[in-house]
Protein chains: 2
Amino acid sequence: MTRALTRKGEATRARIVAGAAAEIRERGVDEVRLDDVMAHTGTSKGQLFHYFPDGKEGLLLAVAQHEADQVLIDQEPLLSNLTSWPAWQAWRDRLIERYLEQGVKCPLNGLLGQTGRRAPGAQAIVTGLMWRWQQAITEGIRHMQSTGDIAPDVDADRAAAALLAGIQGGVLLLLTTGRTDHLEAALDLTLDSLRAGARMSDTHEGHGND
Amino acid sequence: MTRALTRKGEATRARIVAGAAAEIRERGVDEVRLDDVMAHTGTSKGQLFHYFPDGKEGLLLAVAQHEADQVLIDQEPLLSNLTSWPAWQAWRDRLIERYLEQGVKCPLNGLLGQTGRRAPGAQAIVTGLMWRWQQAITEGIRHMQSTGDIAPDVDADRAAAALLAGIQGGVLLLLTTGRTDHLEAALDLTLDSLRAGARMSDTHEGHGND
DNA sequence: CAGGTTTTGGACTTGCAGGTCCATTTTTGC
DNA sequence: GCAAAAATGGACCTGCAAGTCCAAAACCTG
């Protein structure tokens with residue numbers, strides 16, 4: 001299947017995916033035609049179906065995977081190094097900044113649009129993204145527990161799940177309202193409560209980094 | 001415009017909206033054809049365009065409004081009476097129960113599918129829904145502050161925003177993962193932190209309702 | 001440089017789904 | 001009961017966008 005694929009071929013394929021992704025972020029999944037992708041990437045129908053034998057379906061799946069990966073990449077290296085309160089804060093700031101500048105042109109926009117339909121494929125990709133995301137957060141919490149910055153009796157998985165939910169909801173509301181209020185509130189209040197938990201059960205000193 | 005509209009006419013119109021809404025919940029916005037709606041509601045093309053001169057666009061908008069209203073109605077009378085911790089708990093339980101039984105067939109599914117595209121109309125409807133929703137939560141928090149169950153220094157609007165974000169994200173994750181974990185975690189942890197806030201700054205007595 | 005393979009271009013086909021139209025039936029108001 | 005208005009049924013039209021096909025060009029590989 002994916003056997004022969006010249007250097008040039010791979011480049012073209014990548015160009016198509018990236019171009020389609022951009023187009024979709026810009027105008028929404030169901031507003032993008034194959035012709036748009038062709039125009040925007042300087043390719044022909046022949047090429048589209050050459051690299052994506054399953055047609056639009058396959059292309060959209062590739063785009064979804066591309067975007068899902070990008071979402072996490074955009075948060076690195078911060079997301080993988082949540083080892084101090086300033087680090088958490090920096091990650092929080094990065095998230096807000098990123099989504100604010102993206103505005104409505106959010107990768108999620110394209111991903112979610114596919115959630116319902118195209119069940120098996122797109123859904124699996126989104127699920128995978130969420131799982132990896134939550135996993136990273138969980139690890140961050142666990143690390144903070146190991147340093148005593150978060151109370152040991154906090155259920156890391158549960159807290160990570162709540163935080164992730166807050167983020168997703170915040171982004172969703174950013175998408176509909178255009179404001180980052182919800183995202184900020186969800187992030188800040190959830191992080192505050194994690195910090196508060198430490199103070200209550202672990203009082204050996206003050207971790208003054210606010 | 002909306003002048004003449006017989007009893008029978010209104011019934012038909014309502015039947016179309018309800019049927020289309022059901023169909024959309026079931027199979028997703030972009031899988032539903034006008035023919036499906038006709039079949040499912042026992043109507044003809046003539047009727048569809050008679051009651052929705054703007055065609056599918058108008059119908060979808062009507063469906064969106066219908067679903068948005070339904071989302072809040074489903075939470076009543078609990079949502080408008082968040083006046084004690086048990087009341088909050090009951091509301092929380094209702095939310096989880098509702099969404100669990102709905103599973104993927106969530107009204108939001110249809111609403112969100114339209115968010116990106118059809119910008120002005122659908123977006124306004126979703127925004128309106130979110131605003132009303134958050135407003136109700138804010139009022140609940142304010143009431144709890146008036147009875148001393150929540151610390152007065154809590155920013156009710158901000159807390160409501162965070163809670164709403166958690167809910168939306170939780171539902172979104174329920175839609176993709178099929179599990180209510182995120183929704184539960186978001187609700188419980190946020191409510192816990194509201195409760196905790198009261199205990200810390202308002203210690204005149206124990207509000208033992210947990 | 002010759003033969004096979006991959007890449008590219010673009011004309012053509014096709015099915016479908018939204019939308020139009022009008023003829024017929026039913027309801028309403030007097 | 002009788003016009004006028006509203007409700008209904010369904011045949012028909014139409015445009016668009018996905019997908020097909022093949023021929024030509026570029027490219028490896030020995």
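Order of the sequence lines sets the chain letters (A, B, ...), proteins ahead of strands, with each chain counted from 1.
Ionic pairing of A/Arg7 and A/Glu10 is not present here: no N-O contact between side-chain nitrogen and carboxylate oxygen is shorter than 4.0 angstrom.
Contact annotation: A/Ser44 side-chain N/O to C/dT8 OP1/OP2 distance is not under 4.0 Å. At D/dC27, none of the side-chain N or O atoms of A/Thr6 fall inside 4.0 Å of OP1 or OP2 (strictly under the cut-off). OP1 or OP2 of D/dT8 lies within a sub-4.0 Å distance of a side-chain N or O belonging to B/Gln47. Checking the phosphate oxygens (OP1, OP2) of C/dT8, a side-chain nitrogen or oxygen of A/Thr12 falls inside 4.0 Å. Taking side-chain N and O atoms only, B/Lys56 has a distance below 4.0 Å to OP1 or OP2 of C/dG18. Regarding contacts with the backbone of C/dT6, every side-chain N or O of A/Tyr51 stays at 4.0 angstrom or more from both OP1 and OP2.
Distance, B/Asp35 CG to C/dG15 C1': 13 Å, rounded to whole Å. C/dT20 atom P lies 10 Å from atom CG of B/Asp54, rounded to whole Å. The distance from atom CG of A/Leu48 to atom C1' of D/dG19 is 11 Å, rounded to the nearest whole Å. If you measure from atom CG of B/Asp36 to atom C1' of C/dG18, you get 13 Å, rounded to the nearest angstrom. Separating the CG atom of B/Asp30 from the P atom of C/dG18 is a distance of 11 Å, rounded to the nearest angstrom. Atom P of nucleotide C/dC22 and atom NE2 of B/His50 are separated by 17 Å, given to the nearest angstrom.
Remark: the B/Lys45 side chain and the D/dG9 base include no donor-acceptor N/O pair separated by less than 3.5 Å.
Summary of the strand contacts: B/Leu34 and A/Gly9 both lie near DNA chain C, and taking for each the nucleotide with the nearest heavy atom, the more 5' one is attributed to A/Gly9.
When side chains are defined from C-beta on, B/Asp69 counts as touching B/Arg132, because their heavy atoms get closer than 4.5 Å. The shortest distance between side-chain heavy atoms of A/Asp149 and A/Thr83 does not fall below 4.5 Å.
In this structure, B/Gln168 CD and B/Leu129 CG are separated by 7.0 Å, a value rounded to the nearest 0.5 Å.
For A/Lys8, whose side chain is taken as the heavy atoms from C-beta onward, the closest listed nucleotide among D/dA26, C/dT28, D/dT8 is D/dA26.
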